[in-house]
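Okay, so here's the structure we're looking at.
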Amino acid sequence: MHRHRKSVWTNSLLSITLSVLIGITFIFLFAVLLSVIMYYVLGDMKVSSVFSVVAICAGTYSATYICGKYRRKRGIAEGVMCGVIIYTVMAILGVIFLGEITGIKKLLLLVLSGGAGGVTGVNSKRPKNYME
């Protein structure tokens with residue numbers, strides 16, 4: 001008899017936690033990449049606010065796309081939930097390091113990009129060699 005080990009993606013709490021960690025990592029990596037482009041290629045700091053919004057949206061979208069692709073259900077709800085949790089983490093870090101809470105516009109951006117990523121991930125092709 002074969003043992004069947006459950007996937008990380010079958011547990012919703014664990015999969016959302018993993019997606020949030022992936023999202024925060026992607027946001028950091030996108031921010032570093034766009035900062036390097038802004039400093040070395042553009043040589044101008046005028047577009048830093050635009051690049052930060054792009055990094056936040058791209059990181060959240062990527063993480064919720066992965067969650068939706070592997071969970072295969074409730075894409076918009078779990079994407080929005082991931083966006084809200086990422087916003088909460090960003091707000092806590094903003095209070096700790098900057099002394100101020102992030103704006104409500106970022107919450108809206110994170111919720112929209114999280115929902116879009118979750119829906120797109122659920123409606124994408126199944127991953128190869130994935131068994132639940």
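Taking CG from L14 and OG1 from T17, the interatomic distance works out to 6.0 Å, rounded to the nearest 0.5 Å. Separation of atoms OH (Y65) and OH (Y70) is listed at 9.5 Å; rounding is to 0.5 Å. Remark: F51 CZ to L33 CG distance equals 9.0 Å, nearest 0.5 Å. The distance from the CG atom of L13 to the CG atom of L18 is 11.5 Å, given to the nearest 0.5 Å. Remark: L110 CG to C57 SG distance equals 6.5 Å, nearest 0.5 Å.
Every residue two or more places apart in sequence or in another chain was checked for a side chain to side chain donor-acceptor pair (under 3.5 Å) with T25, and none qualifies.
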Report task. I would like to know whether M81 and I16 meet side-chain contact (heavy atoms from CB on, under 4.5 Å); could you show each step before the answer? Result -> CA-CA 8 Å; M81 195 178 318; I16 288 174; 3.5 Å; yes
Query raised in the report: Checking side-chain contact (heavy atoms from CB on, under 4.5 Å) for the pair I56/M90: CA distance, chi angles, key distance, verdict?
Result: CA-CA 10 Å; I56 289 169; M90 287 175 57; 3.6 Å; yes
Query raised in the report: Can you check side-chain contact (heavy atoms from CB on, under 4.5 Å) on F97 and I92, steps first, answer last?
Result: CA-CA 9 Å; F97 292 115; I92 291 170; over 6 Å; no
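For I24, the CD1 atom counts as densely surrounded, since its 6.0 Å shell holds more than 12 non-hydrogen atoms of other residues, nucleotides or ligands.
Minimum heavy-atom separation, S124 to K69: OG-NZ, 3.4 Å. Shown here for C82 and S19, the closest heavy-atom pair between the two residues is SG-CB, 3.8 Å.
If you chain together hydrophobic residues whose side chains sit under 4.5 Å apart, I27 and L93 fall into the same group. Put simply, I96 and I85 are part of the same group of oily side chains (I, L, V, M, F, W, Y) that touch within less than 4.5 Å, one to the next. Following chains of ILVMFWY side-chain contacts shorter than 4.5 Å, one cannot reach V80 starting from L112, and the two form parts of different hydrophobic clusters. Cluster membership for I101 and L98, using ILVMFWY side-chain heavy atoms within less than 4.5 angstrom, is not shared. There is no path of hydrophobic side-chain contacts, each under 4.5 Å, that joins V111 to L108.
When I86, T88, T60, V84 are each tested for a side chain to side chain contact (heavy atoms under 4.5 Å, CB included) with V20, only one passes: I86.
At distances below 3.5 Å, at least one donor-acceptor pair connects side-chain atoms of S52 with backbone N or O atoms of S49. In this structure a side-chain-to-backbone donor-acceptor pair under 3.5 Å is present from Y87 to T102. T64 places a side-chain N or O within 3.5 Å of a backbone atom of Y61 that can act as its donor or acceptor partner.
Here L109 is tied into one hydrophobic group with V53, each link being a pair of ILVMFWY side chains closer than 4.5 Å.
Side-chain contact between I66 and F26 is present, with heavy atoms from C-beta onward closer than 4.5 Å.
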